[in-house]
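Read through the structure below, which is laid out as structure tokens, and then see the notes.
Order of listing sets the numbers, starting from 1, for every ligand and every atom in it. Numbers here simply count residues along the sequence, with the first being 1.
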Amino acid sequence: MSTNEELQSTIGKLISPGKGILAADESLPTIGKRFDPLSIPNTDENRRAYRSLLFTAPGAEAFISGVILFEETLGQLADDGTPLPKILERRGIVPGIKVDKGTVPLANAPGDLITRGLDGLPDRLKGYKAQGARFAKWREVYGITDRNPTPLGIEANAEALAAYAAICQAEGIVPIVEPEVLIDGNHTMERCSEVTEAVLQAVFHALHRQKVILEHMVLKPSMVLPGKDCPPKATPEQVAAATVKVLRRTVPAAVPGIYFLSGGQGPEEATANLNAMNVQFPNLPWQLSFSYGRALQDPVIRAWAGRTQNGPAAQEAFCRRAKMNGLARSGRWTSVLETSA
Ligand code: 13P
């Protein structure tokens with residue numbers, strides 16, 4: 001297969017109707033933060049056991065087209081000795097890999113961050129591909145204050161995202177391009193909208209400059225929301241209208257899919273917001289779906305609580321959230337389903 005055919009085949013699988021992506025790529029400190037409230041020790045065995053239960057949940061393949069893994073998971077085995085990426089592949093789920101190495105402060109842009117990990121990326125991608133990964137994820141982070149993100153922050157982060165995406169495509173790996181505008185703070189929804197528009201404009205300019213093939217990537221943005229310390233919350237209809245307005249202004253129609261992160265929204269909130277977009281805007285040029293971490297996993301970790309005997313209940317909790325979001329992906333979710341399911 002040529003690189004182009006490879007990219008086309010992967011994107012075709014990822015964008016499957018009725019499905020979305022599970023982000024299970026928490027770094028070691030981040031998964032620790034998820035386990036801590038339930039006093040689950042952050043050991044490699046617990047991470048393996050937890051992720052195995054997610055990847056073997058019966059029926060989840062109806063709603064999940066791909067899973068983003070953390071590097072450690074790519075090399076771990078299920079209880080029967082099968083490598084975890086192989087388990088996914090057998091179920092028709094595409095394994096992906098988080099390739100960025102987290103953020104550091106950006107020089108000359110106080111308050112802004114920049115993501116590391118470009119050094120040696122082509123070689124790392126070759127290794128991940130040999131382990132089964134077919135797509136990748138890279139996240140740039142933008143905090144909102146009166147001064148941030150700065151124009152330099154917006155440009156530097158866009159350039160890093162585009163460099164990563166271009167390298168991935170050269171290796172036959174589909175890039176998920178993730179510019180996350182954080183929910184933290186007391187900013188208004190209007191301010192989030194203004195920042196998200198500037199960020200996405202810069203990202204697509206940089207992708208163009210670096211000759212990234214838009215047809216062979218997925219955008220993973222945050223939704224346009226008021227800051228979490230800015231009451232009152234916006235309704236799903238308001239979130240949908242504000243988010244789609246920004247996307248229409250910035251994202252070319254050639255991009256096949258926009259798969260949102262949940263970014264601190266509650267599980268049901270993230271579902272309701274995605275659903276509202278698909279109800280209000282059924283004829284957009286891109287597929288609008290989910291690539292949630294916390295909004296898919298919070299109820300699962302709670303149900304599991306680190307105990308083997310809770311595995312089936314945790315898998316059920318995962319399938320249920322996956323199904324609700326699978327419905328939201330085509331605007332067929334209602335809040336009644338949450339109580340009746
Ligand atoms: P959340 O849905 O929890 O924001 O995680 C998605 C993700 O991949 C963050 O990089």
Side-chain angles (χ1 to χ4, degrees), residues 14 19-37 50-51 54 63-74 94-103 113-117 133 135-144 157 160-161 164-165 168 174-185 192 196 199 203 217-225 227-228 239 243 257-275 277 288-302 317-318 321-322 324-326 328-329:
L14 285 178
K19 300 185 189 180
I21 293 172
L22 164 67
D25 60 331
E26 298 84 359
S27 62
L28 302 183
T30 304
I31 194 75
K33 274 192 235 159
R34 310 282 181 259
F35 282 179
D36 261 1
Y50 171 62
R51 283 161 173 159
L54 283 175
F63 315 108
I64 301 291
S65 61
V67 176
I68 315 170
L69 309 177
F70 183 60
E71 191 174 15
E72 173 193 58
T73 319
L74 207 52
V94 188
I97 173 79
K98 165 203 181 78
V99 298
D100 67 69
K101 293 186 173 243
T103 55
L113 299 169
I114 187 89
T115 299
R116 300 161 309 147
F135 71 99
K137 181 196 103 169
W138 179 290
R139 170 174 176 260
E140 294 288 339
V141 187
Y142 308 82
I144 300 185
N157 279 278
L161 268 173
Y164 139 83
C168 284
V174 167
I176 294 192
V177 171
E178 180 179 7
E180 174 170 8
V181 177
L182 295 177
I183 198 173
D184 305 319
C192 178
T196 307
V199 161
V203 166
M217 62 162 273
V218 172
L219 177 69
K220 173 165 175 164
S222 36
M223 295 182 192
V224 174
L225 301 163
K228 77 170 186 261
V239 173
T243 304
I258 300 179
Y259 282 47
F260 293 98
L261 58 92
S262 60
Q265 300 176 65
E268 211 175 307
E269 183 186 0
T271 305
N273 287 339
L274 174 63
N275 188 69
M277 284 185 231
L288 294 188
S289 188
F290 59 95
S291 173
Y292 296 159
R294 284 163 286 178
L296 277 170
Q297 293 186 61
D298 280 356
V300 187
I301 299 185
R302 273 204 305 277
F318 174 52
R321 275 301 3 119
M324 293 298 129
N325 287 302
R329 186 206 189 298

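Taking each of R139, Q265, K220 in turn, the one with a heavy atom nearest to atom 8 (O) of ligand 1 proves to be K220. Among P267, A270, A23, S262, the residue whose heavy atom lies nearest to atom 1 (P) of ligand 1 is S262.
In terms of protein heavy-atom proximity, atom 5 (O) of ligand 1 is closest to G293 N, 3.5 Å. Here the heavy atom of the protein found nearest to atom 10 (O) of ligand 1 is K137 NZ, 2.5 Å. Looking only at protein heavy atoms, the nearest one to atom 9 (C) of ligand 1 is E178 OE2, 3.3 Å. Atom 4 (O) of ligand 1 has its closest protein heavy atom at G263 N, 2.7 Å.
Counting only N and O atoms by type, the side chains of R321 and T271 include a donor and acceptor under 3.5 Å apart.
For K101, the side chain to side chain contact (heavy atoms under 4.5 Å, CB included) partners at least two apart in sequence or on another chain are R116, R124. In terms of the salt bridge (charged side-chain N to carboxylate O under 4.0 Å, His left out) criterion, K33 has no residue partners (sequence neighbours excluded).
Using a cut-off of 4.0 Å between Lys/Arg side-chain N and Asp/Glu carboxylate O, D100 and K98 are scored as salt-bridged.
Within the listing of ligand 1, atoms 2 (O) sit less than 4.0 angstrom from a heavy atom of Y292.
Summarising the geometry, atom CZ belonging to F63 is positioned 9.5 Å from atom NZ belonging to K19; distances are rounded to the nearest 0.5 Å.
If you look at F35 and Y50, their ring centroids are closer than 6.0 Å.
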